[in-house]
Amino acid sequence: MDEPHVGRLKLFSGTANPRLGEEIAAYLGIPQGQRTVTRFADGEIYVRFEENARGEDTFVIQPTCPPVNEHLMELLIMMDALRRASAGRITAVIPYYGYARKDKKDAPREPITGRLVADLLVTAGADRILTLDLHAGQIEGFFNIPVDHLRALPLFADYLREKNLQDGVVVAADDGAVRRSKQLADRLDLPLAVIFQRRVGKDVKEPVQIVGEVEGRTPIVIEDIIDTAGTVSNAVNALSQHGARPEVYVCATHAILAGPALERLGREEIREVIVTNTIPIAPERMLDKITVLSAAPLLAEAIRRIHMNQSVSILFT
Ligand code: R5P
């Protein structure tokens, strides 16, 4: 019989996405643990857990979404407090792992922030990491503790299958998205096209080539992140120039929606934008065409399985 690893399962949310924490708690049928998170007058973060965590199997839910530094620091401080409170085990549940896009040096004298964050998490007390759609899989290797890396792709595939887009084509908006796009194309039994983009500035890319047949087809673009939506908008430009139907479906796990993102996603060639709730979208940043799928059941089931020492790999398929 499966036995819990250590102590009782205790869930605590940071302030980055409390609604997601509530949904996860509801799925698991347990209340969230009580904690206080406040600021000192100078902006420093103060955390206190209002209940005993000694020996317990604790999970701290905190996507490190904007304001990234605030949410990251809050997560670190929460884990520090739990470690000093003698928690039996601490799992950092990071539905969106910020700073991941710097996962290697592309030029001399650059940082590797994905690695720096990994070191900070472990130093603060993380015994395990549970995350969803890391920007790059190799970030798992930045840790010497267990990392469970879930994928939202099955959620998108199930949703899109219902639409029965027989004339669809899955489009990788840049070469970094090829693997994920191929997996979606296989699941939907649709062809694949790839757009190659060239980076011409820190947040600016331009399409240079498209490989695959898109003319007369309904494009489905799948991304890990929509930040400024520049990558997606470039893809839509390239698809329009190559005769694709002006009814593009865009999927992305993490909806940062910074800067000009809403204006870009609002363009009429984009029919629907399907994202998950790893990052909360403020009501004033919501568009009618945005559909939010909940990642809570997936994360909750992973938490349950980790707690019960059961395999998590079934959730990857
Ligand atoms: C980059 O490699 C990522 O996979 C995304 O394509 C990128 O971060 C999206 O950013 P933006 O929406 O600003 O183009």
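Atoms within a ligand are numbered from 1 in the order they appear, just like the ligands themselves.
Per-residue contacts place Gly230 under 4.0 angstrom from the following atoms of ligand 1 (heavy atoms of the residue considered): 11 (P), 12 (O), 14 (O). For ligand 1, the atoms lying closer than 4.0 Å to a non-hydrogen atom of His135 are 1 (C), 2 (O), 3 (C), 4 (O). Counting atoms of ligand 1 from 1 in the listed order, those under 4.0 Å from a heavy atom of Ile226 are 12 (O). Atom numbering of ligand 1 starts at 1 in the shown order; those under 4.0 Å from a heavy atom of Ile225 are 5 (C), 9 (C). Listed by atom number, the atoms of ligand 1 under 4.0 Å from Arg101 heavy atoms are 8 (O), 10 (O).
Shortest non-hydrogen contact noted between Leu120 and Leu76 is O-CD2, 3.4 Å. Considering every non-hydrogen atom in both Ser181 and Val170, the closest pair reads O-CG1, 3.4 Å.
Nearest to atom 6 (O) of ligand 1 among the protein's heavy atoms is Glu223 OE2, 2.6 Å. Of all protein heavy atoms, the one closest to atom 14 (O) of ligand 1 is Thr231 OG1, 2.5 Å.
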- Query: Taking it one step at a time, do Leu265 and Leu287 satisfy side chain to side chain contact (heavy atoms under 4.5 Å, CB included)?
  - Reply: CA-CA 9 Å; Leu265 295 176; Leu287 299 175; 4.1 Å; yes
- Task: Step by step, work out the side-chain hydrogen bond (donor to acceptor under 3.5 Å, both in side chains) result for Glu74 and Gln62.
- Result: CA-CA 9 Å; Glu74 189 183 289; Gln62 177 88 320; 3.0 Å; yes
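For Phe59 and Phe12, the distance between ring centers is not under 6.0 angstrom.
At a 4.0 Å heavy-atom cut-off, ligand 1 touches Asp224 through the side chain alone.
Side-chain contact, Asn237 with Arg267: a donor N or O sits under 3.5 Å from an acceptor N or O.
Taking 4.0 Å as the cut-off between side-chain N and carboxylate O, Glu50 and Arg48 count as a salt-bridged pair.
Residue Ala229 places at least one N or O, backbone or side chain, under 3.5 Å from an N or O of ligand 1.
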